[in-house]
Structures are given as C-alpha cells and as structure tokens.
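Reading through the structure tokens given below for one structure.
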Amino acid sequence: MMKTDLAVLGGGPGGYVCAIRAAQLGLRAAVIEEQALGGTCLNWGCIPTKALFSATKLLSQASEAEDIGIAFDSPTIDLQKLASWKNRVVATLVDGIDTLLSKNGVEVIRARGALSSQREIVLSTGDRLTADHIVIATGSDTVQIPPFPFDHPAIWSSDDALTVREIPERLAIIGGGVIGLELATIYQRLGSRVLVIELLPEILSTADLDRRTVSTLKRSMTNKGMTILTNTAAESFETQDDYVVLKTADGAQHCVDRILVAVGRRPRTRDIGLEACGIEVDERGFIRVNDSLQTSVPTVYAIGDAVPGPMLAHKASSDGIRVAETLAQGHCQPSSYDLIPQAIFTDPEIASVGVSEAAAKAAGKATLVGRFPFAALGKALGMREPDGFFQVVADSEDHRILGVQIIGAEASDLISEAAIAVQSGLTLEAIADAIHPHPTLPEGLKEAAENALGRSIHAINR
Ligand SMILES: Cc1cc2nc3c(=O)[nH]c(=O)nc-3n(C[C@H](O)[C@H](O)[C@H](O)COP(=O)(O)OP(=O)(O)OC[C@H]3O[C@@H](n4cnc5c(N)ncnc54)[C@H](O)[C@@H]3O)c2cc1C
C-alpha cells in the first residue's frame with residue numbers, strides 16, 4: 001500500500017499542474033496517468049491542432065504570395081513528414097512534463113485508477129494508493145452520435161483527423177463549434193473541399209461572441225470555398241463504392257469522402273468509482289463541485305473538463321493551481337470562469353475575454369463600445385492581414401473594461417493584454433493612455449479603447 005498527501009487522478013493540464021503546484025508548496029503529490037502525460041491538450045487537442053494550424057498557414061500564405069511578386073510552385077505535401085513533425089512537437093512537450101514532474105518530486109504512477117474509498121485509489125497494477133486528499137482530473141471524451149459510429153472507416157473523430165493520414169477530397173464536418181471549425185480550417189488549407197453542418201441557427205453558438213465577429217468569420221470561410229449549413233441536422237450516411245452519401249433532415253444528400261464528427265465532448269467520469277464514494281455528478285456527467293472545487297465528499301476535489309465550466313486547458317490548469325493552493329495554504333482564491341479568455345484558431349483567428357456587448361446589456365449595464373479595424377493598422381497591412389477588428393466593451397459610468405473581442409491575425413496572442421485589463425478591472429484610459437510600440441498589432445486594442453472614448457486618431461469616432 002502506497003501513501004501520499006495528494007493523489008491526482010489524470011495527468012492532463014489540470015492534473016499535472018495541480019501536482020506540481022502542490023509539490024512546490026511542500027505536499028507529497030502523485031499523478032496517476034493511464035495514457036500519455038499532458039492529456040487531451042498535449043496529445044489530441046491544443047498542441048497537435050495548433051502545430052497543424054501553423055504548418056498549414058504556410059500553404060495559404062504561399063498560395064497568396066503571388067500578389068506581392070513572390071511566386072512558388074504548387075506546394076507538395078508529405079503527410080508522413082507533416083505527421084511525424086507534429087508528433088515530435090507533442091513528444092517534446094510530453095517529455096518536458098515528465099521532467100518537470102520528476103524535478104518537482106511528484107511521483108508518476110503509470111496505471112488506470114479508480115476511487116475505492118474517500119481516501120483511496122485502486123490501481124490497474126493491483127496496488128492501492130491512499131492519500132489525505134484526491135483530485136479528480138480525468139478530463140473528457142469525444143461525443144459519438146449513433147448514426148455516425150467512429151469505428152466506421154469513413155467516420156472520423158477529432159483524434160482521427162489529427163493523425164493526418166490522408167487529405168479527403170471532400171470532407172463533411174458535423175458540428176460548427178470550436179473544434180469543428182479549427183479542423184475545417186486545417187483541412188481546407190490542406191486542399192479538402194469542406195462542408196460544415198451545424199444543427200443550431202449559428203456556428204460557434206456556445207461562445208459569447210458578437211454577431212459581427214461570427215459573420216466576419218463566416219464570410220471569410222465561405223470566401224475560401226467552404227460551405228456552411230446552419231439549422232441543418234445530419235441524419236445518416238450510406239457508403240457507395242469509394243465515397244459516402246451524407247443525408248440531412250431537410251432531405252438533401254451530400255457526396256463526400258470522409259465525415260468528421262465534432263459535436264462536443266463529455267466528462268470522463270464513468271467507471272472511476274464515483275458512485276461507490278458518494279460523489280455526485282450532474283445530469284450530463286460533470287462532477288458537482290462547490291466554489292472551492294470540492295466535491296460532495298470533502299476529501300475529494302475535481303477540476304478541468306470533468307467539472308462544469310469552459311472546456312479549456314488554461315481553465316483546467318487554473319483549477320489545478322487553485323486546488324493545490326487551497327490544500328496547502330488552507331484558503332481558496334476566488335475565481336470567475338466569466339473572465340477566462342478563449343482563442344479560436346480559424347482564419348482569421350478569434351479571441352475573446354469577458355462579456356460581449358449583448359451580454360453586458362442583458363446584465364443591465366450601460367456600455368461604451370469602441371472598435372478598430374485591422375485594415376487601419378500599418379502592421380496588419382504589411383502582413384497582408386487586413387481582415388477583422390478589435391472591439392472593446394466598457395461600463396459607461398466608470399469606464400471599466402468588461403469585455404474584448406478580437407477577430408484577425410494573431411488574435412490568440414493579442415488577447416492577453418485585454419485579459420489582464422478585464423481580469424484586473426482596468427479602465428479604457430489604462431489601455432488608451434499606455435504608449436504602445438509602432439507599428440504593431442496591439443496598437444489596434446489601444447485605438448479601440450480610444451474609439452470608445454471618442455478619441456481614436458486613426459478611425460472616425462462616433
Ligand atoms: C481537438 C481539440 C483541440 C483543443 N484545442 C484547445 C485549445 O486550443 N486551447 C484550449 O485551451 N483547449 C483546447 N482543447 C481542450 C483541452 O484539450 C481540454 O480542455 C484540456 O485538455 C482539459 O484538461 P484536463 O486536465 O481536464 O483533462 P485531459 O487533458 O483530458 O486529461 C485527462 C487525463 O486523465 C487521464 N485519465 C482519465 N481517466 C483516468 C483514469 N481512470 N486513470 C488514470 N488516468 C486517467 C487521461 O488519460 C488524460 O491523460 C482542445 C480539445 C480538443 C479535443
């Protein structure tokens with residue numbers, strides 16, 4: 001029987017970060033991981049998608065460079081090399097986590113674990129681990145829909161899409177959420193003709209995005225040759241000789257080569273002993289937790305994709321740090337999921353933090369809104385990236401910034417300045433009065449803040 005202070009079940013960005021922080025604070029911590037360290041994020045999520053996103057950006061840049069007098073022959077794509085480079089990026093990071101855990105003195109247990117009591121985990125190796133506290137960080141799984149089973153060779157999950165074994169000539173993607181649209185972007189750049197089928201009236205409907213942001217993305221995607229069908233239910237498919245026919249509820253039939261199902265993820269909370277210990281889950285399988293991320297059993301905490309809230313790696317890590325600090329220091333830092341930034345790797349990228357104008361108004365706030373287009377930024381024009389805009393929403397009384405949305409080049413990197421502003425309660429003036437280097441993309445955020453104050457220099461103020 002092994003014993004530790006903190007046992008963390010799952011070594012994804014929630015679990016490994018929690019264990020490292022706990023060890024830094026003097027606790028003996030162990031991580032139990034049945035697959036690869038780094039979890040979904042490193043192995044099947046954030047990292048492989050972003051590696052492929054950046055690799056395929058080269059293709060779109062090369063195909064458009066002729067306009068500026070630089071021409072390339074048609075690129076050739078060696079899928080095996082592309083996949084092994086992407087795998088090397090993943091492996092480097094996974095190895096790095098192994099090193100970080102060991103240098104911090106965290107014990108890594110390679111096994112499947114399940115709770116056998118409120119302080120004990122039984123391992124697939126036959127051993128048992130007892131701990132003063134347990135953190136459940138088991139993450140999430142891809143949702144499968146019965147008419148489109150993942151064991152059929154024509155049906156892909158996001159994991160299949162990320163192996164990049166083939167480039168289908170015609171790819172249908174069921175689900176116009178973040179994962180579906182990121183993979184749509186990658187495969188469109190690789191040369192697939194992409195059809196996105198979304199059940200709801202709008203794509204990206206679970207994100208709190210301005211209509212203008214979503215319509216800008218839709219216009220850009222359709223201009224690149226993608227077809228986006230909203231209000232459309234994918235019902236079934238039939239296999240023909242060397243293609244499949246996807247049928248939608250409106251009676252239409254779409255001939256495609258592969259169908260990627262990206263309709264969401266569900267918490268991985270089955271068969272880990274929750275019932276036996278009396279740990280409550282909600283109707284969707286998420287573990288119920290209080291504001292300190294403590295479950296209905298006081299010795300057990302739960303974090304990341306296994307609990308309600310945004311399914312994002314940095315949210316999982318933030319949960320992990322909060323739990324480690326609570327256990328080591330005895331108090332929990334307050335946290336609000338409303339202030340967690342999100343980046344969406346489409347073309348153009350989208351990133352947001354805080355609330356949209358509509359959500360601020362719905363909460364009864366009187367707002368000041370400022371915008372600034374990428375097309376008015378010298379840096380963006382020099383990068384040949386004129387699409388998109390910055391939008392800042394602030395409280396009209398005290399000018400506190402409530403939310404920022406950016407659609408355009410490098411939005412995923414640009415949002416961090418806005419995240420500091422929103423999370424620290426900064427005002428429009430704090431951004432507008434800060435001297436930004438020229439020529440850079442972040443000048444767009446400064447100009448949007450100035451625009452909200454009626455004093456943007458490079459845009460006409462309303
Ligand atoms: C295609 C895709 C792209 C994504 N892109 C982004 C992005 O760009 N940015 C972002 O923030 N998020 C992104 N995400 C979401 C992100 O991956 C998750 O929010 C994040 O990984 C959740 O972290 P976690 O630690 O809660 O769980 P996970 O990362 O899922 O880790 C859980 C770990 O627990 C292990 N485990 C589960 N059960 C057991 C058990 N019984 N015993 C032992 N081990 C167990 C699993 O093997 C896994 O390694 C993406 C997801 C996908 C699928």
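Numbering of ligands and ligand atoms starts at 1, following listing order. Throughout, numbering of the chain's residues begins at 1 and tracks the sequence. Just the heavy atoms: all of them, side chains too, but no hydrogens, waters or symmetry mates, feed the values below.
In terms of polar-atom proximity, Leu162 is not counted as a contact of ligand 1, lacking any N or O under 3.5 Å from an N or O of the ligand. Considering both main-chain and side-chain atoms, Leu9 never comes within under 3.5 Å of ligand 1 through any nitrogen or oxygen pair. Among the atoms of Asp305, some N or O lies under 3.5 angstrom from an N or O of ligand 1. Polar contact check, Ser158 against ligand 1: no nitrogen or oxygen pair lies under 3.5 Å apart. Considering backbone and side-chain N/O atoms, Thr40 comes within less than 3.5 Å of an N/O atom of ligand 1. For ligand 1, the polar-atom distance check against Gly45 finds no nitrogen or oxygen pair separated by under 3.5 Å. Distances between N or O atoms of Cys41 and those of ligand 1 include at least one value under 3.5 Å. Backbone and side-chain nitrogen or oxygen atoms of Gly113 are examined, and one is located within less than 3.5 angstrom of a nitrogen or oxygen of ligand 1.
Of the candidates Leu229, Ile173, Ile259, Leu246, Leu195 forms a side chain to side chain contact (heavy atoms under 4.5 Å, CB included) with just one, namely Leu229.
Side-chain atoms of Tyr187 come within 3.5 Å of backbone atoms of Ala161 as a donor-acceptor pair (strictly under, hydrogens ignored).
Contact annotation: Ala111 has at least one heavy atom less than 4.0 Å from an atom of ligand 1. At a 4.0 Å cut-off, at least one heavy atom of Ala36 sits close enough to ligand 1 to count as contact.
Once rounded to the nearest 0.5 Å, the distance linking CZ of Phe237 with NZ of Lys247 reads 11.0 Å. How far CG of Asp282 is from CZ of Phe286: 7.0 Å, rounded to the nearest 0.5 Å.
Of all the listed residues (Glu34, Arg268, Gln35), Arg268 holds the heavy atom that lies closest to atom 46 (C) of ligand 1. The closest non-hydrogen atom to atom 23 (O) of ligand 1, taken over Gly304, Ser140, Pro13, comes from Pro13.
Scanning the protein for heavy atoms near atom 49 (O) of ligand 1, the closest one is Glu33 OE1, 2.6 Å.
In summary, the atoms of ligand 1 found under 4.0 Å from a heavy atom of Gly12, numbered by their order in the structure, are 25 (O), 29 (O), 31 (O), 33 (C). Every atom of ligand 1 with a heavy atom of Ala137 under 4.0 Å away is listed here by number and element: 32 (C), 33 (C), 34 (O). Residue Gly39 has at least one heavy-atom neighbour below 4.0 Å for each of these atoms of ligand 1: 29 (O), 31 (O), 48 (C), 49 (O). Residue Met311 has at least one heavy-atom neighbour below 4.0 Å for each of these atoms of ligand 1: 15 (C), 19 (O). Each of the atoms 26 (O), 27 (O), 28 (P), 30 (O), 32 (C) of ligand 1 lies under 4.0 Å from some heavy atom of Gly139.
Between Val261 and Trp156 the shortest side-chain heavy-atom distance does not fall below 4.5 Å.
Aromatic rings of Phe374 and Phe389 (six-membered ring for Trp) have centroids beyond the 6.0 Å cut-off, not under it.
Residue contacts with ligand 1, taken as heavy atom pairs separated by less than 4.0 Å, do not involve Ala114 at all.
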